[in-house]
There are 2 protein chains.
Amino acid sequence: MNSIKYNIAIVDDHPIVIEGLKMLLSPIENISIDVCLNNGTSLFGYNDLSKLDVIFLDVFLPDINGIDLCLKIKKLYPKIVILAMSSQSERSIVMQMIKNGANGYLLKSASLEEFRNCIDLALAGKLAFCNEVQALINQTDINDLKAIPRLTVREKEILTLLKQGKSTQEISDTLFLSFLTVQTHRRNLLHKFQVKNLVELLNFVSDNGVL
Amino acid sequence: MNSIKYNIAIVDDHPIVIEGLKMLLSPIENISIDVCLNNGTSLFGYNDLSKLDVIFLDVFLPDINGIDLCLKIKKLYPKIVILAMSSQSERSIVMQMIKNGANGYLLKSASLEEFRNCIDLALAGKLAFCNEVQALINQTDINDLKAIPRLTVREKEILTLLKQGKSTQEISDTLFLSFLTVQTHRRNLLHKFQVKNLVELLNFVSDNGVL
DNA sequence: ATAAAATTACCTGAAATCAGGTAGCTATTT
DNA sequence: AAATAGCTACCTGATTTCAGGTAATTTTAT
């Protein structure tokens, strides 16, 4: 056997999942698990990032949004195959992940056969989805028409505080901004998301994993 | 070595987690993994249930609530050690699980060392928690002092609509009530839950599984 | 049967949100 | 150098929420 070895990285904040993946990947001969990380930022501290062929990427990480992380990696190294993993199967998240260049999407509830199939497909350079996600992709959903707006840093800050139940006054106090400025940001957020009040905004945000 | 072998069962709907646990448990000599299941009901179809010593039990299962399942198992076989596992660390859930007889609670984000420690502790018949959960248990939480108020039927109806982002006017229209009546109910809800605005109310409701 | 709880509804007034507009300043990109 | 995007801040006015009170009617429980 002189076949090329694929260099693999696993990024997941659940050590137990990393172990499971190792177990799953160990019988496959032409791969080597180079590095396992439990957060997103340390990936950029990894020296041999450019040498990686495949990254197993958890969508929900403690530090960085997996969706944004995927885009960052792909911008730097478009050739790296990214296989997204998560526990929940929210259509919008799957779609965003694919839009950001992910080569596949696996639910952690997928069977071992599905995992193996997806790994094979991904190594072969194809898009790979577990059954449940595949079904999700096939159905055309209404929520897709409503694109998820891109938020600025300030807007994210304010949105986070709104989520905690803070009032405009409290937000302006904590961020050292004018009351009127915060009002403007709130209005812009409602407008961007096409919703009519704060609760609808927060519902959309949590349903679509915006933050 | 003629030490007694512990009979272990793993109940989790994520095959990858089962693999991870197998990997983790495999080096430990005095245990044998008897059965791995991906749902709760099939546990009762398992013939040698009474012979089990330890069950690793996922809290969120597709068919049965892990909290209820724990109680059922403990009623039938109080001697079986149950180690609960979940991804989220919600205090109320951890507390309920312990109340229902669980011998430990592990987050899937716990380190491998924490897993090993907890397994050792549990096998020794002690309560076992990962660090994060232990911290959760130690802190006397404000939410505990704040007892969950009992809601009337009407209040539940209105709360459900508020959760959907409906305004007072919309609620009064859908429930055929006066605008002023709905206002009164809203005020009563805010007062009952000791919160200052709608978002805080809805946060409390979803954090404590009120509805 | 009577008490307690729930539901409905109103009044008043303060506070906050929502909606439209404008506008200066800064940083970044082309 | 000019254009674009982001952040800041103000004005006005309508609408909604929040907070206090009272009170009649209906339902539920003892």
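These numbers come from a predicted model, not from an experiment. Both backbone and side-chain heavy atoms feed into the values below; hydrogens, waters and symmetry mates do not. The sequence lines fix the lettering, A, B, ..., with proteins before strands; numbering per chain opens at 1.
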Under a 4.0 Å N-O cut-off, is there an ion pair linking [X] with [Y]?
X	Y	result
A:K166	A:D173	no
A:D58	A:K108	yes
A:E155	A:K192	yes

Taking A:T160 for its side chain and A:K156 for its backbone only, find out whether a donor-acceptor pair lies under 3.5 Å.
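Pair found, side chain donor or acceptor close to backbone of A:K156.
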When you check the side-chain N and O atoms of B:S50 and B:D48, is any donor under 3.5 Å from an acceptor?
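Distance-only check fails for B:S50 and B:D48.
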Verify whether one side chain among B:D13 and A:S109 offers a donor that lies under 3.5 Å from an acceptor in the other.
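Looking only at side-chain atoms, A:S109 and B:D13 do not form any donor-acceptor pair under 3.5 Å.
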B:L57 side, atom CG; B:D12 side, atom CG - distance, nearest 0.5 Å:
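These two atoms lie 8.5 Å from each other.
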Would you mind reading off the distance between A:I171 atom CD1 and D:dA9 atom P, rounded to a whole angstrom?
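In whole Å, D:dA9 P lies 14 Å from A:I171 CD1.
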Between the two end axes of the helix from C:dA1-D:dT30 to C:dT30-D:dA1, each built from 5 base pairs, what angle do you get to the nearest 10°?
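Comparing the axis at each end, I get an angle of 60°.
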Treat primed atoms plus P, OP1 and OP2 as sugar-phosphate and everything else as base, then score nucleotides 7-24 of chain C 5' to 3': B for base contact with protein heavy atoms under 4.0 Å, S for sugar-phosphate contact only, - for none.
SBBB------BBBBB---
Which pairs of donor and acceptor atoms, one on a side chain in residues 66-74 of chain A, lie under 3.5 Å apart (sequence neighbours left out)?
{"residue": "A:K74", "atom": "NZ", "partner": "A:P78", "partner atom": "O", "Å": "3.2"}
{"residue": "A:K74", "atom": "NZ", "partner": "A:I80", "partner atom": "O", "Å": "2.8"}
{"residue": "A:K74", "atom": "NZ", "partner": "A:N103", "partner atom": "OD1", "Å": "3.0"}

